[in-house]
Amino acid sequence: MEQYKKLTNEVGAPIADNENAITAGPRGPVVMQDVWLLEKMAHFNREVIPERRMHAKGWGAYGDFTVTGDISEFTKAKVLQPGHKTDVFVRFSTVAGERGAADCERDIRGFACKFYTEEGNWDLVGNNTPTFFIRDVHNFSDLNRAVKRDPRTGRRSAQNNWDFWTLLPETFHQRTIVMSDRGIPASFRHMHVFGEHTFSFYNSENKRVWCKFHLHTQQGIKCFTNEEAAKVNGMDREYHGKDLFESIEKGDYPRWTMYVQIMTEEQAKNHYENPFDITKIWPHKEFPLIEVGVLELNKNPENYFAEVEQAAFTPAHVVPGIGFSPDRFLQGRLFAYGDAQRYRLGVNHNHIPVNRARVEVNEYHRDGAMRTDGNYGGAPAYSPNSYGSWTAQPEVSEPPLEIEGAMWRYDPKDDPTDDNFRAGGNLWRILAEDKKQLLIENTAGDIASVTNNIKYRHAVHCYLADTEYGERITKAMGLDIEKVKELSKLDNNGLINATMSPEM
Ligand code: HEM
């Protein structure tokens, strides 16, 4: 038996028997004195931690990011300087499903990438679509309640989903993407991913530009139809996790090329719509893609819970040379992630190895649950102090940002430049006929159980984006095109009022 390692309890004492409880007599009850049994049961009872409120189901891998282009004129971030190579950890996810949900559902896919840079961690937390459903942080919890479980039935509800989406016309472009073939990627390896928001770069002269991140798959885009996905889900609910794991195990490393779009501060001031509205995109023709580098995933985690479940990403983690933007949705995210992680993993979650920076961390945070390092020993715990420790570095400050206007609750729909149907209409017009047909069929299938008033709202939005799109979706949903044309003459509030009753 020498080859077996010794079993111990949680403080290292050897365990005599791991299968037979201590009982009072051969057929008697278990005794309290079986402390090993108590430890085992108590630990088991506490093994489940809260799942992420959304993006609960996910898979991760390590890799590296190598800069192949030269964007040093825009950013001084060391991670983005020519030739630089940085270790990363990536987690992909679905959004609406819980931790046990099937991988191949129609949904957007999350992409979160932690760059362990020499200037601290940078997290790029995006999705596989270049835009998002909504643009005000107030709508975020509601979006998730609408797509998650109905409070009465405990089931997902197409009615809730489409009701919420169609009451907010800015969801139109994302609705179109989710209902298109891209709504069910064949694997994580076969999809593009995006930062979605407008972020900022600033260079060594402290000059700012606005930017968007795009990562294009080098494996090519592949998607599943509803039928293919239903079959895959029936056979293997962990299909995307398996695909990622196995391709890395056999050395077939997935790669993405990172590009950025750049908009100057001057261009942003004169842009024909709000460049900080996440429901809008910057057309490639106007803001061309500039190559930055290659992301490769080449190492699987050793332990799912330790590395994937406990991974914590936040858009608030940036490094000098990369900054935020006035995007009100991004601003909301800057609070949400750290807050969620302090609840989900605890205040010291950045000490967990997968989250820990690979550079020296010198902060004044102290104590807190599960503080497992030396807590900085006797080093001063206050600042300023007279011991010269850990002073702020003004040289990494971002350039100041000029702000215009009074503080107020502005509704972007009141902005005369706001067009919620331009991007979705443009997308429809560039789709090949087979993709158009799939979009129509997927939508008609997904919305089939929903009441007619909500279907009319969607049909009107499609019609406003493109008359052909509107006519074909109206037909597929079995609605009256004359009614759609009439309703499309109303403004947004008029349309909502006219489509409030399920009886129509
Ligand atoms: C105001 C809007 C948003 C809020 C308040 C929000 C909030 C959250 C929260 C609380 C989590 C769980 C974090 C955790 O427990 O670790 C999460 C996860 C995530 N969110 Fe958001 N989110 C927002 C918008 C977005 C957008 C626009 C994107 C994509 C661009 C996005 C991508 C993700 C991803 C990829 C994850 C999973 C990260 C992981 O793999 O651990 N979210 N979000």
Side-chain angles (χ1 to χ4, degrees), residues 49-62 88-99 101 103 107-114 121 123-148 168 170-171 173-174 177-178 185 188 191-199 211-215 240-241 244 276-281 297 301 304-317 324-347 349-350 352 354-355:
I49 61 169
E51 63 176 36
R52 292 166 179 81
R53 186 65 186 98
M54 66 293 306
H55 295 269
K57 175 76 183 293
W59 306 103
Y62 296 94
V88 302
F89 179 73
V90 166
R91 180 176 178 272
F92 297 102
S93 49
T94 47
V95 180
E98 295 83 4
R99 196 146 47 194
D103 281 349
D107 196 354
I108 51 179
R109 299 293 183 286
F111 159 82
C113 183
K114 190 177 292 295
N121 287 354
D123 293 349
L124 183 61
V125 194
N127 281 329
N128 70 331
T129 60
T131 181
F132 200 68
F133 288 105
I134 47 173
R135 54 191 169 188
D136 194 294
V137 58
H138 264 289
N139 293 132
F140 186 75
S141 44
D142 302 277
L143 168 73
N144 287 287
R145 300 233 174 78
V147 303
K148 280 176 166 275
L168 298 172
E170 63 266 34
T171 65
H173 186 200
Q174 181 82 315
I177 297 174
V178 174
F188 297 132
M191 60 186 203
H192 293 344
V193 288
F194 306 86
E196 291 190 4
H197 296 278
T198 299
F199 292 90
C211 66
K212 280 186 185 278
F213 294 97
H214 301 245
L215 287 98
H240 283 169
L244 182 67
F276 308 115
D277 177 339
I278 191 174
T279 65
K280 309 286 190 279
I281 52 152
L297 297 181
Y304 181 87
F305 179 84
E307 292 153 87
V308 185
E309 190 60 14
Q310 293 199 112
F313 304 86
T314 165
H317 285 166
F324 313 122
S325 81
D327 175 342
R328 51 171 79 184
F329 207 57
L330 174 60
Q331 295 282 328
R333 294 181 73 198
L334 302 181
F335 164 73
Y337 290 70
D339 185 56
Q341 289 146 7
R342 286 177 197 106
Y343 158 69
R344 183 168 73 81
L345 301 163
V347 69
H349 60 273
N350 282 314
I352 298 170
V354 68
N355 300 327

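First listed ligand is number 1; within each ligand, the first listed atom is number 1.
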At a non-hydrogen distance cut-off of under 4.0 Å, which region of F92 contacts ligand 1 (side chain, backbone, both, or neither)?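 F92 to ligand 1: no contact under 4.0 Å from either part.
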
Nearest 0.5 Å please: distance from the [atom1] atom of [X] over to the [atom2] atom of [Y].
X	Y	atom1	atom2	answer
R53	F140	CZ	CZ	9.5 Å
H192	N127	NE2	CG	15.0 Å
F111	F194	CZ	CZ	11.0 Å
I278	H173	CD1	NE2	12.0 Å
D327	F276	CG	CZ	8.5 Å
R344	Q310	CZ	CD	8.5 Å

Using a 3.5 Å distance criterion without hydrogens, assess whether the side chain of [X] forms a donor-acceptor pair with backbone atoms of [Y].
X	Y	value
S325	T198	yes
Q331	P326	no
N121	K114	no

Of all the non-hydrogen atoms in the protein, which one sits nearest to [atom], and at what distance?
atom	result
atom 14 (C) of ligand 1	R344 NE, 3.4 Å
atom 26 (C) of ligand 1	R333 CZ, 3.4 Å
atom 41 (O) of ligand 1	R52 NE, 2.7 Å
atom 30 (C) of ligand 1	E196 OE1, 3.2 Å
atom 40 (O) of ligand 1	R91 NH1, 2.6 Å
atom 10 (C) of ligand 1	A340 CB, 3.6 Å
atom 29 (C) of ligand 1	N127 ND2, 3.0 Å
atom 19 (C) of ligand 1	H55 CD2, 3.1 Å

Pick from F89, Y304, F92: which one makes a ring pair (Phe, Tyr, Trp, His ring centres under 6.0 Å) with W59? Y304

Atoms of ligand 1 less than 4.0 Å from [X] heavy atoms?
X	result
F111	35 (C)
G110	35 (C)
I278	27 (C)
F313	39 (C), 40 (O), 41 (O)
V125	29 (C), 30 (C), 33 (C), 34 (C), 35 (C)
V137	1 (C)
H197	27 (C)

Strictly below 4.0 Å, N to O, side chains only: are K280 and E170 in salt-bridge contact? no

Looking at atom 21 (Fe) of ligand 1, is there an N, O or S atom belonging to M54 that lies under 2.8 Å away from it? no

Going by atom types alone, do E196 and T129 pair a side-chain donor with an acceptor below 3.5 Å?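 Present: a donor and an acceptor within the cut-off.
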
Side-chain H-bond candidate by donor/acceptor type, H55 with R91, under 3.5 Å: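 No donor-acceptor contact under 3.5 Å links the two side chains.
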
Can you find an N/O atom of R53 closer than 3.5 Å to an N/O atom of ligand 1? no

Is there a polar contact, in the sense of an N or O pair closer than 3.5 Å, between Q341 and ligand 1?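 Yes, since at least one N or O of Q341 sits under 3.5 Å from an N or O of ligand 1.
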
Yes or no: does G126 have any heavy atom under 4.0 Å from an atom of ligand 1? yes

Nearest candidate to atom 42 (N) of ligand 1, where distance is taken over non-hydrogen atoms, out of F132, Y337, F140: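 The option holding the nearest heavy atom is Y337.
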
